[in-house]
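Report on the structure given below.
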There are 2 protein chains.
Amino acid sequence: MARAKRATLKSIASDLGVTHTSVSNAYNNPAKVSKALRDRIIAHARSVNYEGPNPAARSLRTGRCGAIGVLFNDQLSYAFTDPHDIAFLRGISSVCEEEGANIVLIPLQNKRPEQRDQLAAIVDGFILNAPYRSHPTIRQALARGLPTVVVDFDAPELSSVLTNDRAAMQAVVAHLLALGHRHLAIVTFPREEGTGEIRSLEDDFSDESYVVHERMEGCRDAVDAAGVPRSAVLVCETTNCEDGGQRAAAWLLRCRPELTALVCFSDRLAYGALAGAASIGRQVPGTLSVTGFDGIDPPGGMSPGQRLTTVRQNACEKGRRAAEILLCPDKEGTTSIAIEAEFVVGDTSGAAPEAGKQ
Amino acid sequence: MARAKRATLKSIASDLGVTHTSVSNAYNNPAKVSKALRDRIIAHARSVNYEGPNPAARSLRTGRCGAIGVLFNDQLSYAFTDPHDIAFLRGISSVCEEEGANIVLIPLQNKRPEQRDQLAAIVDGFILNAPYRSHPTIRQALARGLPTVVVDFDAPELSSVLTNDRAAMQAVVAHLLALGHRHLAIVTFPREEGTGEIRSLEDDFSDESYVVHERMEGCRDAVDAAGVPRSAVLVCETTNCEDGGQRAAAWLLRCRPELTALVCFSDRLAYGALAGAASIGRQVPGTLSVTGFDGIDPPGGMSPGQRLTTVRQNACEKGRRAAEILLCPDKEGTTSIAIEAEFVVGDTSGAAPEAGKQ
DNA sequence: ACGGCTGGGTTTATCGATAAACATCGGCGG
DNA sequence: CCGCCGATGTTTATCGATAAACCCAGCCGT
């Protein structure tokens, strides 16, 4: 059964002896066509299995297509393992549902670089939850000149939804310093070309993602205020998942047993770090404090009674607001929204052990 | 800063005094244009912020757009709370990443019915994980006549990815019957127009979703084989989330205290049912057995030590295979794949209490 | 009796690309 | 020296719709 040539506005029109404009109007502009003709048209269209105008053609002509593109900088298949990203998508989807918009998930091009294919997405705008401007796909998206909302991304010229990462992180570190911790390590996300060596807060983070940069600034705010030297705070990067956190923690604690606190840049890392710490016999919060960032539910079967000390941010709300800015613009021009993240003390941070030891 | 009129193939061509076809070829058909000209074109295009041909126009002309549409029958914002659906999407996305395809998430039209707007998605094919054919959006998708893969859906004319729900469910119920249970209730998903009354396995489920129908058949297979009357197995419907399971369990166990086993059609329901049972003092598996379906991780902080008796199915694999059928077709015609779900005995099912009581 | 309005259609231009057929030209085998 | 080929461009048709301008009959008020 070779697929029959599909009906078009024109074919329907000529079947019925009317003009294609009338058929178009029957679908889009019912007021411009008599009820009788409209019924005749719709009935005939149904009978030849025509379910409305071709979306690509319509989109070309009107310049709108009813979809928004969402770009993560991570792999999509990663995003679908990360509760934060999932909640973000849930927020976006709730608005899109309301507005009847489709969501186009756009994987980054990570194929062989010579392939450099074009960003084919047909969308009316973008939500970028992507820390790096430099990626070719992101560049292409920005070059389209479509309405765009960035999330946790430094782009003053665009609408944005931002979190107070800096202040929140400052609160975390201040909390640990107040508990007497002096040997801290930050567990952060990998750079594009990370070497993996241990750095410290003295180093330069201005090339890293907006989020990392802001959080590092927050850490500095806290240590500077406490008079602790930046060099005393180590920085270690690892992939953002439970496994990465576990490996990083185990390794750090073995190399630098004097550490008493791990400041993780995500809850996933933190939950992993808890497992890593347990694996080499460090007790939390007795001999080690661990903090996270995000406020997600603990992974299944993990640390049931214990609540993580973390920064709670509402990823769903971030998604929702971003989608709202794109789909329900109150006004021309750009909009910027700040979402407050909240520092919450849990059961994984406590007084530094033997404060006088050093 | 009014948005400058965007560059097009034609404008670039006339800027450079060449024909628009050459510009098109520079992007799509490098072999057909001299290296010198191509470089000149790309350089100029860059300088006027042109990042490649307009996707809608290209899609209209070529008939392809590099995206696949995914339709759930539930709300999208629900799908992003369900580990099964998320894993399914992860599977799809891993293939799409590989193939460089975009994913269009299409919310069902649930606005005012008079709105009956058209399915605007611009896609090359569909993955339908949608139990009901009757929904207008699903109808429109099917009417497009594009390559389509259905998942857990009864459509013999299309490619499909199916699970052996029936046999798996049969195993679950046979297991419970073997443990001596004679008063069972099935906790299932809501019908489109459910009334909420308690039914039994005697009732008719042929109008319900494919998945529900198959699983009910599996249950019947087991009870019929054991000589247990179908009327002895209750059927109760509730929304598919932990809360729904909890409410349904609490209510069922209060109305029908003689029940000793709850057969839940999803793990989310089952985890909810465990909470519901606990809330009214039933011990699992001592005085009540609970089974699930899916094999997802337990929700955060829930029943840490206890493993659910359930049917493990690989939702990620389902998504992957569906996407592969769509994006990497080996041959013409339709393909059907079966994915085996596996019954696993956990700690939530045990011998019926006081087998001799009744 | 006549100009203006309105409901219901039609004509024509256009959205921005790709595809296929066609032109031009230098080189090269016979 | 001729005819053909490959490399490089150009012309023209087309994908399937929407928008804007236009046309026309009937009706209305004056």
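Just so we're on the same page: letters track the sequence lines, and every chain starts at 1.
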* Axis bend over the full length of the helix from C:dA1-D:dT30 to C:dG30-D:dC1, computed from five pairs that close each end, to 10 degrees -> 40°
* Structure fact -> Per side-chain contact (heavy atoms from CB on, under 4.5 Å), A:L71 is matched among A:L76, A:V150, A:L108 by A:L108
* B:D154/B:R133 salt bridge by N-O under 4.0 Å criterion -> no
* Structure fact -> Residue pairs passing the salt bridge (charged side-chain N to carboxylate O under 4.0 Å, His left out) test with at least one member in residues 15-37 of chain B, sequence neighbours excluded, are B:K35-B:D39
* Between D:dG16 atom C1' and B:R144 atom CZ, what is the distance in whole Å? -> 13 Å
* **Summary of protein contacts for nucleotides 17-23 of chain C, nucleotide by nucleotide, where a base hit scores B, a sugar-phosphate-only hit scores S (4.0 Å, heavy atoms)** => BBBB---
* **Whole-Å distance separating the CG atom of A:L60 from the C1' atom of C:dC15** => 4 Å
* To do: Give me the one residue out of A:L142, A:V104, A:I106, A:I68 that meets side-chain contact (heavy atoms from CB on, under 4.5 Å) with A:F126.
  => A:I106
* Using a cut-off of 4.0 Å on non-hydrogen atoms, how would the nucleic acid contact of A:S34 be classed: base, sugar-phosphate, or nothing? -> sugar-phosphate
* Asked: What is the ring orientation for B:F88 with B:F72, classed by angle as parallel under 30°, tilted 30 to 60°, or perpendicular over 60°?
  -> perpendicular
* Donor-acceptor pair between B:N25 and B:R38 side chains, under 3.5 angstrom -> no
* Asked: How long is the line joining CZ of B:R38 and C1' of D:dG9, in whole Å?
  -> 16 Å
* Answer yes or no: is there an ion pair linking A:R320 with A:E324, defined by an N-O contact shorter than 4.0 Å? => no
* To do: Let me see the working for B:K318 and B:D152 under salt bridge (Lys or Arg N to Asp or Glu O under 4.0 Å), right down to the final yes or no.
  => CA-CA 9 Å; B:K318 280 204 281 191; B:D152 293 339; 2.6 Å; yes
